[in-house]
Amino acid sequence: MSLSFLKHRDVAAGLLFLLTGVVVAAGACQYPLGSAMRMGAGYFPLLLGGFLAILGAAVLLRAFFSRQKHLVERLMLKPMLLIGAGVLAFAGLLGSIGLAAASFLLIALSGLAHQESRMRELLPLGLAMALFGAGVFVWGLGLPLPLLPA
Amino acid sequence: MELISHLGIGLEAVLTWQNLGYCFLGVLLGTLIGVLPGLGPVATIAMLLPVTYGLPPLSALIMLAGIYYGAQYGGSTTAILVNLPGESSSVVTCLDGYAMARQGRAGVALGIAALGSFFAGTVATLVIAAAALPLAEFALKFGPAEYFSLMLLGLIAAVVLAQGDVFKAIAMVVAGLILGLVGTDVSSGAERFTFGMPELADGISFVVLSMGLFGIAEIMINLERGSGRDVFSTRIGSLLPKREDLRQSVKPILRGTALGSLLGILPGGGAVLSSFSAYTLEKRIARDPSRFGKGAIEGVAGPEAANNAGAQTSFIPLLVMGLPSNAVMALMVGAMMIHGIVPGPQVMEERPALFWGLIVSMWIGNLFLVLLNMPLIGLWARLLKVPYRLLYPVILLFCCVGVYSINNSAFDVGLTLFFGMLGYLFVKLNCEPAPLLLGFVLGPMMEENLRRAMLLARGNALVFFERPISLTLLIASALLLCVLAWPKARKARDLAFQEN
């Protein structure tokens, strides 16, 4: 069976909602449900999960019967990866290498995601923002962030 | 005369150098960030929220309100100068504002937007001050059943306002309600959907979710669409409108203010609904509707007055009932909670200086907005010329520092990235994220009130129909749903959103 029907926008959206709803409803059943008068931890989540699954099924069914088929636009992987790498490097290393170095890394990595990015612009920008971050966030606003490598 | 004595209490609280300074700083920072393309009020406030943590409660709220107005006006500036709406409430400003800029009248458009906003802000402040007391008394009649029905109405209104498909918008609201469940259940203490991660025990932070959906996702979309921005390079021209411009704008400003003040109070309402309705109204009653879209000053004056009035009166449901009616107000709830203030009818009684101080500061914020923007507009225009390839890494850095500093948590930054990717996917699937955010905020409150109402009614779900206020709210919700299902009304709604 071909999986190409997944590329239709509403098919994908409907499936996403349907599956999430089912998973949430199943998860809700792990918690005590209680009764309508004394609702347990699982009661409201079960209602919501069920409702989301029904909505997802409706979106899905309608997509199958609709004549208009919008395809999902292509996801741009390069910006996703570079921005993801920059943010994760910042989050993961801030504690050990300090705000200045982490800011520089974030700018240098994520800055590459633009089509016209240039290293000779990004390096000074990263340096400037490392200084700016130190001045404004740590000294100016007094945020409790480590500034230099521990 | 009670009104005057209340405003007096507020003035006394606000008029310290410290508070005025924070108000000014808020307006300045809000405009600065709001001018940047692709950053609306939600992302701006979320980004600047950590700045206010260390302040006394009133100063923090004053500063946040200032940031909000600044961001709102910054969005209009971007709309007029580069035809890029920072948020959905300035979409209609693009239409005639940018057309005016192309005719060399950018200055007049910016000037009339500022003056209209100031007038609307002044009136809306008085509306809030006058309406707060009676509405708070009315709100005291609300029990859990009424609160539940009111929130339902708000969520349905959010669906009506969302662009695109109704089914998907409802699904997004429900998905938001589900995200709101994550964390420790207040009544039973059970940890729900935390996947065993201790970082999720307190639930997902609102800042994390909104920064992901509105900050990071927006950056990825902008990167993909390329920066087709084209800053208006000719001179901005005089900011002061000519007599003829003023004459044409007075009535649209009055109408916009009235419409905005009214629509802002509705749950799910606020700036977006107000500006769209004002534009539609002006176009409909104009003698020559074909001028619209080609630089009609009424098309800037009306919506700009309306969105500012609506932005302000949307504080009413929050201050009076503790119910946020849109994403910005949801952030304000978060900010109030951090300072130990639970928004609701009791705030007015227990902390009058804070309550009336906040209201007075709204007017002062609007005053600063005019005083600040008139001379600084050239600076904002220059800021817009900075290429996006240099701008977005800086925006991203601010987002990350903002999120990290809430709890000093690397986990939160990672979670923000996750929601950013999810938000990007939502855009690809044509699902609008705004209804999800409102669902997320209202989720825990809805569950709490549903539980209490059902407990009081001994499990009888009919209680929602037996109480008159609750019944009225449910009927209003049903009517809204009917309007959505009615093909002609749906077409009109889609048309209104496609105006650009």
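The basis for the numbers below is simple: all heavy atoms, side chains too, and nothing from hydrogens, waters or symmetry mates. Just so it is clear: chains get the letters A, B, ... in the order the sequence lines come, proteins before strands, and each one is counted from 1.
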Visitor: Is B:V401 close to A:L145 at the side-chain level, that is, under 4.5 Å between some pair of heavy atoms?
Guide: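 The answer is yes, as the side chains (C-beta and beyond) meet within the 4.5 Å cut-off.
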Visitor: Non-hydrogen atoms of chain B under 4.5 Å away: do they reach the side chain of A:L82, the backbone, both or neither?
Guide: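 Nothing of A:L82, per the 4.5 Å heavy-atom cut-off to chain B.
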Visitor: Counting only heavy atoms closer than 4.5 Å, note whether A:T20 contacts chain B via side chain, backbone, both or neither.
Guide: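 Neither part, no heavy atoms under 4.5 Å.
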Visitor: Taking side chain as everything from C-beta outward and backbone as N, CA, C, O, which of these in A:S110 sits under 4.5 Å from a heavy atom of chain B? Side chain, backbone, both or neither.
Guide: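 Both parts, heavy atoms under 4.5 Å.
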Visitor: Please flag which part of B:L456 lies under 4.5 Å from any non-hydrogen atom of chain A: side chain, backbone, both or neither.
Guide: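 When you check distances to chain A, no heavy atom of B:L456 falls under 4.5 Å.
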Visitor: Where on B:C400 is there a heavy atom nearer than 4.5 Å to chain A: the side chain, the backbone, both, or neither?
Guide: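 Its backbone and side chain both get close to chain A.
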Visitor: Got a second to check how far A:I83's CD1 is from B:I216's CD1, nearest 0.5 Å?
Guide: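 Reported value, rounded in 0.5 Å steps: 7.5 Å.
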Visitor: Fit a plane to each ring of B:F426 and A:F17, take the angle between them on a 0 to 90° scale, and name the class: parallel (under 30°), tilted (30 to 60°) or perpendicular (over 60°).
Guide: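 Rings of B:F426 and A:F17: parallel, under 30°.
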Visitor: Nearest heavy-atom pair of A:G111 and B:P393: which atoms, and what distance?
Guide: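 Reported closest heavy-atom pair: CA-CG, 3.9 Å.
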Visitor: When rounded to the nearest 0.5 angstrom, what is the spacing between CG in A:L52 and CE in B:M172?
Guide: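 Answer for the CG-CE pair, A:L52 versus B:M172, is 10.5 Å.
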Visitor: Looking only at non-hydrogen atoms, find the nearest pair between B:S188 and A:A41 and report the distance.
Guide: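 Closest approach of B:S188 to A:A41: OG-CB, 3.5 Å.
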Visitor: For the residue pair A:M76 and B:M220, establish whether any side-chain heavy-atom pair is separated by less than 4.5 Å.
Guide: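 With C-beta onward as the side chain, the pair stays apart.
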Visitor: In terms of heavy-atom pairs under 4.5 Å, which option from B:L417, B:D185, B:L450, B:V186 contacts chain A the most?
Guide: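 Most heavy-atom pairs under 4.5 Å with chain A: B:L417.
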Visitor: When only pairs under 4.5 Å are counted, which of A:V24, A:L16, A:V59, A:L109 shares the most heavy-atom pairs with chain B?
Guide: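 Of the options given, most contacts go to A:V24.
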Visitor: Out of B:I219, B:I178, B:L425, return the one with the most heavy atom pairs under 4.5 angstrom to chain A.
Guide: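 Among the listed options, the one with the most contacts to chain A is B:I178.
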Visitor: Could you measure the distance from the CG atom of B:L397 to the CG atom of A:L99? Nearest 0.5 Å is fine.
Guide: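 Output value for this atom pair is 7.0 Å.
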Visitor: Relative to chain A, which segment of B:S187 carries a heavy atom at a distance below 4.5 Å: side chain, backbone, both, or neither?
Guide: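 Contact with chain A involves no heavy atom of B:S187 at all.
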Visitor: To the nearest 0.5 Å, what is the distance between CD (A:E121) and CG (B:L390)?
Guide: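 The CD atom of A:E121 sits 4.5 Å away from the CG atom of B:L390.
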Visitor: Tell me, side chain or backbone of A:L75 under 4.5 Å from chain B's heavy atoms, or both, or neither?
Guide: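 Contact with chain B is through both the backbone and side chain of A:L75.
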Visitor: Just so I understand: if I count every heavy-atom pair under 4.5 Å between each of A:A91, A:G34, A:A58, A:G27 and chain B, which residue has the most?
Guide: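 Heavy-atom pair counts peak at A:A91.
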Visitor: Which heavy atom of A:F132 sits nearest to which heavy atom of B:F398, and what is that distance?
Guide: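 Closest heavy-atom pair between A:F132 and B:F398: CE2-CZ, 3.5 Å.
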Visitor: For A:D10 and B:K168: C-alpha separation, side-chain torsions, deciding distance, then whether side-chain contact (heavy atoms from CB on, under 4.5 Å) applies.
Guide: CA-CA 9 Å; A:D10 282 7; B:K168 284 198 271 183; 2.8 Å; yes
Visitor: Report which part of B:Y392 has an atom under 4.5 Å of a heavy atom belonging to chain A: side chain, backbone, both, or neither.
Guide: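 Looking at B:Y392, just its side chain touches chain A.
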Visitor: Between B:L181 and chain A, which part of the residue has a heavy atom less than 4.5 Å away: side chain, backbone, both or neither?
Guide: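 Contact with chain A involves the side chain of B:L181 alone.
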Visitor: Starting at CZ of A:F51, measure out to CG of B:L177 and round the result to the nearest 0.5 Å.
Guide: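 Rounded to the nearest 0.5 Å, the CZ-CG separation comes out at 9.5 Å.
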Visitor: Considering residues, nucleotides and ligands other than B:F167, do more than 12 of their heavy atoms fall under 6.0 Å from its CZ?
Guide: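 It does not: B:F167 CZ has 12 such atoms or fewer within range.
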Visitor: Who wins among B:N408, B:V173, B:L455 for the most heavy-atom pairs under 4.5 Å with chain A?
Guide: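 Looking at each option in turn, the highest pair count goes to B:L455.
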Visitor: How long is the span from the OH atom in A:Y43 to the CE atom in B:M454, to the nearest 0.5 Å?
Guide: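 If we round to the nearest 0.5 Å, A:Y43:OH and B:M454:CE are 5.5 Å apart.
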Visitor: Can you see which heavy atom on A:M39 is nearest to which on B:R451, and at what distance?
Guide: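 Here A:M39 and B:R451 meet closest at O-NE, 3.6 Å.
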Visitor: For chain A, which candidate among B:D412, B:V403, B:V413 shows the most heavy-atom pairs at distances under 4.5 Å?
Guide: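 The option with the most such pairs is B:V413.
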Visitor: Find the one option among A:L55, A:L93, A:L88 whose heavy-atom pairs under 4.5 Å with chain B are most numerous.
Guide: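 Option with the top pair count is A:L55.
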Visitor: With heavy-atom distances below 4.5 Å as the criterion, would you say the side chains of B:R192 and A:P45 are in contact?
Guide: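 Yes; the side chains approach each other to less than 4.5 Å.
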Visitor: Please classify the contact between B:A171 and chain A as side chain, backbone, both or neither, with a heavy-atom cut-off of under 4.5 Å.
Guide: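 B:A171 touches chain A through backbone and side-chain heavy atoms alike.
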Visitor: What part of B:E448 is in contact with chain A, defined as an atom under 4.5 angstrom from a non-hydrogen atom: side chain, backbone, both or neither?
Guide: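 For B:E448, no heavy atom lies under 4.5 Å from chain A.
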Visitor: Check each atom of B:Y424 against the heavy atoms of chain A and say whether the ones under 4.5 Å are side chain, backbone, both or neither.
Guide: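 Just its side chain gets close to chain A.
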Visitor: Could you tell me whether B:D165 and A:R9 have a side-chain N and a carboxylate O separated by less than 4.0 Å?
Guide: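 No salt bridge links B:D165 with A:R9.
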Visitor: Between A:A113, A:G86, A:G56, which residue shows the highest count of heavy-atom pairs closer than 4.5 Å to chain B?
Guide: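 Sorted descending by pairs with chain B, the first entry is A:A113.
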